Each structure stands twice: as structure tokens, then as C-alpha cells.
Amino acid sequence: MRYVDEFRDPEKARNLLKEITGLSARLQSGKARPLQIMEVCGGHTHAIFRYGIETMLPDEIELVHGPGCPVCVLPMGRVDDCVTLTEIPGLIFTTFGDAMRVPGSKKSLLQARSEGADVRMVYSPLDSLRIAQENPDREVVFFALGFETTMPSTAMTVLRAEAEGITNFSLFCNHITIIPTVKAILDSPELELDGFLGPGHVSMVIGNAPYDFIAGQYRKPIVVAGFEPLDILHALWMVLKQLDEGRSEVENQYARVVPKDGNPVALDAIGKVFELREFFEWRGLGSIDHSGVRMRRPYEKYDAETKFAIRSTRIADPKSCQCGEVLKGVIKPWECKVFGTACTPETPLGALMVSSEGACAAYYQFGDVEKIHARRAEVKAVEPMMARTRS
Amino acid sequence: MTVVQLTPASSAPRRQLGRIHVPNVTMAHGGGGKAMRDLIDDVFVAAFDNPALSTMEDQARFRLAELTAHGDRLAMTTDSYVIHPIRFPGGDIGKLAVCGTINDLAVGGARPLYLSCAVIIEEGLDVDTLREIAGSMARTAAAAGVSIVTGDTKVVDRGACDKLFINTTGIGVIREGIELGVGRVRPDDVIMVNGLLGDHGAAILNARGDMALSTPLESDCAALHGLIGTLLAAAPGTRFLRDATRGGIATVLNEIAEASQVGILIHEERTPLRDEVRGFCEILGLDPLYLANEGKIVCAVPPDQAEAALAAMRNHPLGRDSAIIGHATDGRPGRVVMHTVFGGRRIVDMLVGEQLPRIC
Ligand code: SF4
């Protein structure tokens with residue numbers, strides 16, 4: 001545990017903060033808006049709130065909480081598909097914990113379980129495979145979701161299932177891939193991001209090269225960051241430093257864990273089992289080309305979608321939801337019309353309110369309420385003025 | 001602490017106890033006939049061994065004079081224990097059922113005296129397990145100086161419950177002058193805990209075996225009335241006590257903030273946690289502040305008695321790692337704020353539903 005404490009040293013944090021404050025004041029001076037740095041990864045969002053990092057930063061920097069929580073970007077129709085699967089007699093549906101509360105159009109998996117469905121929480125796809133082995137006369141489906149971080153373990157589970165000749169196991173595959181998503185965000189016209197914190201866990205698998213286009217084509221600095229509080233501050237400082245020096249590069253703050261070229265074994269397993277889908281729908285972001293994966297032909301027998309002929313239905317998000325704008329960083333969670341009123345962790349309208357990695361839930365649970373109220377009042381005061389200028 | 005001697009209202013001679021001769025509990029053991037009587041005799045009456053119970057009346061009877069000798073108010077509480085697995089490192093469902101109810105009495109300032117024990121048994125449970133758990137209840141109760149004086153046994157079909165459910169009701173007496181209440185906390189009151197947090201929650205999750213982690217985590221399950229007695233003697237002005245069970249200390253702190261309309265500020269670096277529990281939470285994306293405890297109290301003490309309270313608690317075997325974790329404030333009524341180890345600030349809110357591990 002010493003190891004962890006090293007990355008939580010308040011003294012080092014103070015020094016970094018001093019540097020960050022100086023740099024950001026210089027960079028932001030004269031600009032109408034704060035510098036906007038997006039953390040793409042939900043794990044970063046969680047750590048930022050867990051350690052109160054936002055409360056330490058100067059006003060000149062604003063963190064934009066990106067689309068990196070796989071639970072948050074799951075479209076409602078896919079949750080409905082899960083519920084449909086759970087209704088198949090005898091089927092055991094297995095899932096990670098935080099996917100249980102995501103609302104579908106009628107119910108969540110948690111509700112389905114309370115109504116009698118056999119929904120079980122697992123900690124890894126291998127647990128699910130074990131359940132399949134223990135229940136040879138029942139079908140077991142694993143709800144596979146997540147970015148490249150969780151993709152290798154599902155791929156390896158499928159390979160293991162095949163090696164052991166297990167036939168009553170399949171995946172409901174909702175894995176998504178990070179690069180097309182970041183690209184979609186960068187192409188979004190409302191956006192004014194200044195730089196990125198790159199996802200540490202994903203990079204462990206894919207390496208750094210896939211981010212080259214961000215620095216090259218879009219001229220935005222990106223720093224791959226770890227998940228300890230000092231990692232995040234350090235990476236922020238590195239982004240500011242690049243901005244200050246007029247550079248845009250891919251840098252690796254998390255070199256103790258992230259190899260430059262990724263993890264070849266993991267990449268190999270992913271490549272064997274999965275292929276890109278033409279398009280995949282994201283909650284709030286719409287359909288993004290090549291952003292999801294499905295199982296390759298030889299592994300079709302492990303694909304729950306084919307096995308149980310699941311016909312995905314598109315379900316529009318509730319009108320009042322502004323999850324998409326929050327995901328893209330266009331508005332802050334507390335600016336959403338239903339934040340904290342119709343949409344709370346108890347009664348989430350959008351998935352961002354469900355997982356603790358979701359920006360809305362994080363603001364609601366860890367956020368600085370006074371600050372939120374003050375900013376809300378500010379927004380309210382500015383709104384009529386904006387309306388006048390527009391008319 | 002003196003053990004309360006129970007005087008049975010009936011002075012009937014001890015009868016011969018029945019014996020059970022099969023290895024597993026069957027529906028016949030819930031049928032009300034001889035089989036049931038044998039099960040109760042063999043397992044519960046033999047283990048709990050006290051005259052009030054062995055007369056097998058429909059109720060336990062107490063002399064009022066014995067109760068009033070201990071204080072001026074009765075306290076009564078009940079709780080049902082449904083836990084999976086029923087045996088875990090550091091305890092079992094029986095120990096939990098006795099400690100939990102004792103603690104619920106003790107945090108009200110009561111001295112626990114009598115317990116009831118109602119069990120719901122799933123058909124098929126092996127009698128040895130039942131015997132072992134009854135034995136564990138008996139040992140825990142005896143060590144705490146309380147008697148299990150009445151009970152009930154039901155057997156349900158396989159699948160209708162998970163092995164064994166236990167309900168315990170407790171009666172205790174509160175000494176004159178002790179006034180504890182969740183709404184009594186004032187700004188500047190000092191907030192303390194009696195030791196390392198989250199052990200029980202982490203041990204249970206770990207014992208379920210889903211995690212395949214090999215950490216030597218043990219439940220902190222313990223009866224706290226002794227510790228609480230010591231604390232109240234050293235700090236008679238103590239305003240509030242609660243055992244931080246399900247929902248962890250975060251929930252208790254929120255309840256204080258809400259009911260007393262104070263703010264609460266705690267410091268992460270002063271919050272005692274075992275390294276193993278920290279690591280465990282780190283891996284699963286859980287927050288230790290919300291993990292269950294079974295031997296931890298949160299107390300609020302006026303500032304001038306805080307030192308004495310801390311010293312007294314640290315002197316008690318169940319309070320060696322006691323710590324002051326924060327204090328009540330007059331800003332932000334109803335809110336719990338934590339200064340993180342790292343120098344930031346975060347809100348510690350009520351948990352919605354159960355804590356679900358994050359995906360990665
Ligand atoms: S408050 Fe609810 S509806 Fe609004 S953006 Fe957040 S999750 Fe979506």
C-alpha cells in the first residue's frame with residue numbers, strides 16, 4: 001500500500017497546483033472562457049470527484065467529463081434487449097454490478113431480478129463461464145460491456161469456452177472502442193476543448209499510437225494519465241505545459257503501467273474474437289461509425305444476439321434528458337434541466353446518473369453543492385441576457 | 001459488570017431434554033410435534049441453558065424490581081439477520097444476531113439484559129451447523145452477560161429461505177441521567193469512531209468467494225456495551241451514539257447531520273482503515289465509508305469531554321484504534337463533507353441502494 005500513498009502526497013499536490021495555477025492564468029488570460037480539458041475516461045471522472053480534485057483547481061481550468069463510462073453511454077434499447085434476454089425461460093443473465101441499475105424503457109435489470117428473473121452479479125466474465133459449467137442444462141449469458149479495458153478478458157473467456165467445449169455460454173456484446181468516439185467528439189461543432197487526459201486503462205491495452213491523430217490532425221495535446229490523484233494533477237500540468245509551449249503531442253504520464261505499444265497478447269485475443277460493427281448507437285451521442293464491436297463469424301455460436309435472435313429496438317431517450325450535451329462537455333451536469341429534480345441517483349432518467357463514474361451521479365454525490373447553486377444562479381442571470389442578444 | 005441472575009417465575013423442576021437423531025432438519029421439525037420439541041431441546045435449550053427457557057412456557061417473565069434496580073427506562077429493539085454466507089471469518093450469523101441486538105440496545109445507553117431468538121430454518125440444513133450456531137449465540141450471550149430467555153422455531157421448504165434466518169429481540173435498562181439522541185449534536189461536538197472501519201463488509205464480500213482475492217479479512221463483529229459503558233462513564237455528556245452497520249459510517253454521519261441540522265466535517269487521513277480494506281475497496285471500486293461494520297460505533301461528544309472519551313475508548317480492548325475523525329460545524333447544515341487525504345474536498349452523501357462494484 002506504500003505504493004499508493006506515494007501518489008496521494010498532499011505536499012507534492014500543492015507544488016503541482018502552484019505550477020498549474022501559474023500556467024493556467026497565463027494561458028487563459030484575455031480569454032472569455034476557462035481552459036477546457038476533457039478526461040475521456042470514467043475512471044478519471046470518479047477519481048476526480050473521489051479526491052475532490054475539482055475543488056482544488058483554479059477557476060481558469062474546467063474539467064469536462066467525457067464519454068468514458070461504458071455504463072453511461074449504453075443506449076436504452078440495449079438495456080431493453082437485456083431484459084428481453086432475462087425473460088427467456090431458464091436463462092441465467094450475468095452482469096457487472098453497476099449495469100444493474102441502468103434504466104431501460106420499462107425497467108432495469110435490478111427490477112427484472114426483483115420480478116423473478118435470474119440475474120446474477122459477477123466480477124469477471126470468467127465467473128460467468130464458471131456458472132455455465134456448473135449449470136450445464138441452462139443457458140448463461142454474460143452482458144459484455146466496456147472499452148478496450150474489459151474487451152481482452154471477454155475475448156479470452158470466449159476462447160476458453162471454445163477450448164473447453166462449453167456450449168451453454170454466450171456474450172451479449174456491447175463492447176465499444178474509444179478512438180472513433182474521441183474522433184466524433186472532436187468533430188462535434190459545439191466543442192471548444194483545449195486538451196485531453198487520455199484513458200490509462202485503455203492505453204494499457206492499445207498503447208499510445210492510436211492517439212496520434214488527436215495531436216497531429218486536431219492539434220490538441222493529449223496526456224495518458226494514471227488514476228491516482230497525483231497522476232491526474234501531473235497529467236493536467238503536462239497538458240498545460242504543452243499548450244504553453246505551443247506543442248500538441250501524445251505524452252505518457254502513466255509509463256509505469258502503459259507500454260508504448262500496448263499489450264500484444266490482449267490485442268491478439270481481441271483481434272481474434274471481435275470485429276468492428278458498421279455503427280453502434282451511444283446514449284446521448286447517437287450512432288457513431290465503427291465505434292462498437294461484434295463477434296467474428298467463427299465465434300457466432302457464443303453471440304447471444306444471434307443465438308437468441310435479439311432484435312435491437314431503438315428507443316429515443318426521454319426528451320428532457322441532456323446526457324448527450326453533458327457527455328460532449330457542452331453543458332455541465334448541473335446545467336441539465338432535470339439534474340437533481342426529476343433525475344437523481346434514486347430515479348435516474350439518464351445513465352449518467354447511474355454509475356458512480358457518470359458525471360451527473362458524481363456531481364450529485366461528491367459535488368460541491370454550494371458551488372453548483374452559485375453557478376446555477378449565474379447561469380440563470382446570464383440566460384435572459386443571452387436570449388436578448390440572440391433575438 | 002455483574003451478570004444478571006434471572007429468577008424464573010416458575011420453579012418447576014428441570015425436565016429431561018429431548019434428542020434429535022437425524023443429520024438434517026426436515027419439515028417434520030417444524031410440525032409442532034415431538035420432532036420439533038426434540039430439535040428445540042437438543043439444539044437451543046441445551047445451548048442457551050437457563051431456567052426461564054427450559055421451563056418451556058410461552059413467555060419469559062421478569063421481576064420488575066430486578067429491572068428497576070438497573071435504571072429508570074426500558075429499552076427494546078428487534079432485528080432480523082439474513083446473511084450470506086452464514087459463517088464468515090470472524091463470526092457467524094448467530095454471533096451477529098446476538099451482538100447486533102446487544103449493540104442496538106447499548107447505543108441507546110441501555111444495559112442489555114434479555115434476548116429472544118426466533119429462527120427460520122430452511123429444510124435440509126444440517127443439524128450440526130445449527131448446533132454450532134446456537135452454541136456461538138450462547139457463548140456470545142454469556143460473555144456479554146445477557147440471557148436468551150425465549151424463542152421460536154420455524155422450518156420452511158427448501159428454497160423458501162437461505163439456510164437460516166435469525167431474529168433477535170432485546171430488552172435492556174437505561175440508567176437515570178443518560179440522554180442520547182441523534183438530534184442532540186451541536187456545532188463543535190467531536191466525532192469519534194472506536195476503530196478500523198469496513199472490516200465486516202469487506203470480509204463478507206470476500207467470503208462470498210466471488211472475488212477470488214486472498215486477503216486475511218475478518219469481521220469486526222463484537223458486543224459493544226462494555227466499551228460504551230466505559231465511554232459514558234468517562235464522557236457523561238456524550239450526545240449521540242450509533243453502531244455503523246449497513247450503510248457504514250457515511251450513513252450514520254448523514255443521519256446526524258440531518259437530524260441535528262449541523263454540518264459535519266471529517267478528515268480522510270484520520271479515518272482509521274486497514275490497508276487490506278483500502279486495497280480491497282480500491283480493486284472493486286467501493287467506498288469504505290459505506291462498508292458495513294458490526295463492532296464499530298460513531299459517537300458525538302462535546303469538545304470538553306473529547307479527550308477523556310478518546311482515552312477511555314483507547315483503554316478498552318474494543319477501542320484500541322479509536323480516533324477523532326472530525327467535528328460538527330454550523331455551516332452547511334445537513335451536509336457531510338470530507339477533506340480528502342489529498343487536500344481536496346468532497347461531499348459524503350447518503351448511498352442510494354446497495355453499493356455496486358464498478359466495471360473497471
Ligand atoms: S441530469 Fe440526468 S438527464 Fe440530465 S444529463 Fe444528467 S443523467 Fe442525463
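Here the structure is a predicted model, which is why all the values come from computation and not from measurement.
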Of the options B:Asp199, B:Asp220, B:Asp321, which is the one that meets B:Arg274 in a salt bridge (Lys or Arg N to Asp or Glu O under 4.0 Å)?
B:Asp199
Can you tell which part of A:Leu233 gets under 4.5 Å to a heavy atom of chain B, answering side chain, backbone, both or neither?
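A:Leu233 touches chain B through side-chain heavy atoms alone.
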At a 4.5 Å cut-off on heavy atoms, which part of A:Arg50 comes close to chain B: side chain, backbone, both, or neither?
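The answer is both parts of A:Arg50.
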Test side chain to side chain contact (heavy atoms under 4.5 Å, CB included), reference B:Met338, set B:Leu253, B:Leu289, B:Ile325, B:Ile264, output is B:Leu289
Distance alone, cut at 3.5 Å: any donor-acceptor contact between the side chains of A:Tyr364 and A:Glu346?
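Note: A:Tyr364 and A:Glu346 side chains miss the donor-acceptor criterion.
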Given A:Phe142, which of A:Phe96, A:Tyr123, A:Phe172 fulfils the ring pair (Phe, Tyr, Trp, His ring centres under 6.0 Å) condition?
A:Phe96
Structural part of B:Glu268 lying under 4.5 Å from a heavy atom of chain A:
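Side chain only.
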Hey, which of A:Pro229, A:Ser124, A:Pro345 has the most heavy atom pairs under 4.5 Å with chain B?
A:Pro229
